[in-house]
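Every heavy atom of this structure was used, including side-chain atoms; hydrogens, water molecules and symmetry mates were not.
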Amino acid sequence: MAQSHEYKGTEFTIQLSERNERWSWAALFADGRAGQGGESFGRTETVAAAEAVEAVREILDKAEKPIDYVRKTDGKRFAYRVRYVPGTSTEWVATVTIPGQGELETRGALANNTLAGAALYLAVRGRVEAFIENPRG
């Protein structure tokens, strides 16, 4: 079984194989980067596929550099990382770093979401940057 996915603009395919009631997975990236693989302890193909997709999202998140942002109101510099789970209710969480002051976490959701791919990623980033511009909401 092969399933195509996209996360933060990176397209990948998950291939699953089952042997002796254990699932192995391989992620193949459309951009040519080296594939990743692992095992799932899920008892069904659906659970194994979900675990594989989550593992790839974590790999991509760790490889991503923080996004630099300069607040328009005062020129203050920030950096942030954002993680989200695509879907009709896209939940996201961002870690925002304020130089010299530490980190804070903000989270939210895009309800009734119809976006996917790069459009969804940009919408989530827009929410994080809106928070940086106006942290009190």
How close do [X] and [Y] get, counting heavy atoms only, and between which atoms?
X: Asp68; Y: Ala79; result: OD1-CB, 3.9 Å
X: Ser89; Y: Ala109; result: OG-CB, 4.3 Å
X: Glu39; Y: Trp25; result: N-NE1, 3.7 Å

Mind checking whether [X] and [Y] have side chains closer than 4.5 Å, heavy atoms only?
X: Phe78; Y: Glu133; answer: no
X: Arg57; Y: Tyr84; answer: no
X: Tyr7; Y: Asp61; answer: yes
X: Glu45; Y: Leu16; answer: yes
X: Lys76; Y: Ile98; answer: yes
X: Tyr80; Y: Thr95; answer: no
X: Val128; Y: Trp92; answer: yes
X: Val93; Y: Thr106; answer: no

If you round to the nearest 0.5 Å, how far is [atom2] of [Y] from [atom1] of [X]?
X: Ser24; Y: Gln15; atom1: OG; atom2: CD; value: 12.0 Å
X: Gln3; Y: Thr46; atom1: CD; atom2: OG1; value: 8.0 Å
X: Thr114; Y: Leu120; atom1: OG1; atom2: CG; value: 9.5 Å
X: Leu110; Y: Asn112; atom1: CG; atom2: CG; value: 10.0 Å
X: Gln36; Y: Leu28; atom1: CD; atom2: CG; value: 10.5 Å
X: Lys72; Y: Ile132; atom1: NZ; atom2: CD1; value: 9.5 Å

task = Give the intermediate values and the outcome of side chain to side chain donor-acceptor pair (under 3.5 Å) for residues Thr88 and Asn113.
result = CA-CA 5 Å; Thr88 54; Asn113 175 49; over 6 Å; no
Whether over 12 other heavy atoms sit under 6.0 Å from Glu91 CD = no
query = Going only through I, L, V, M, F, W and Y residues with side-chain contacts under 4.5 Å, is there a path from Val56 to Val85?
reply = no
ask   = Is Leu115 reachable from Val124 through a run of I, L, V, M, F, W or Y residues, each pair having side-chain heavy atoms under 4.5 Å apart?
value = yes
ask   = Given the rule in the side chain to side chain contact (heavy atoms under 4.5 Å, CB included) test, do His5 and Ile14 qualify, once you have shown the distances and angles that lead to the verdict?
value = CA-CA 8 Å; His5 300 274; Ile14 297 290; 3.8 Å; yes
request  = Find out whether the Lys NZ or Arg CZ of Arg125 is both under 6.0 angstrom from the six-membered ring centre of Tyr121 and within 45° of the ring's axis.
outcome  = yes
query = Under 3.5 Å, is there a donor-acceptor pair between the side chain of Arg81 and the main chain of Glu64?
reply =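 Flag set: sc Arg81 to bb Glu64 pair under 3.5 Å.
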inquiry  = Pair Arg107, Glu105 - check salt bridge (charged side-chain N to carboxylate O under 4.0 Å, His left out), show working.
reply    = CA-CA 7 Å; Arg107 59 184 62 232; Glu105 191 174 273; 2.6 Å; yes
request  = Could you check Phe12 against Ile59 for side chain to side chain contact (heavy atoms under 4.5 Å, CB included), going step by step and ending with a plain yes or no?
outcome  = CA-CA 12 Å; Phe12 60 95; Ile59 290 165; over 6 Å; no
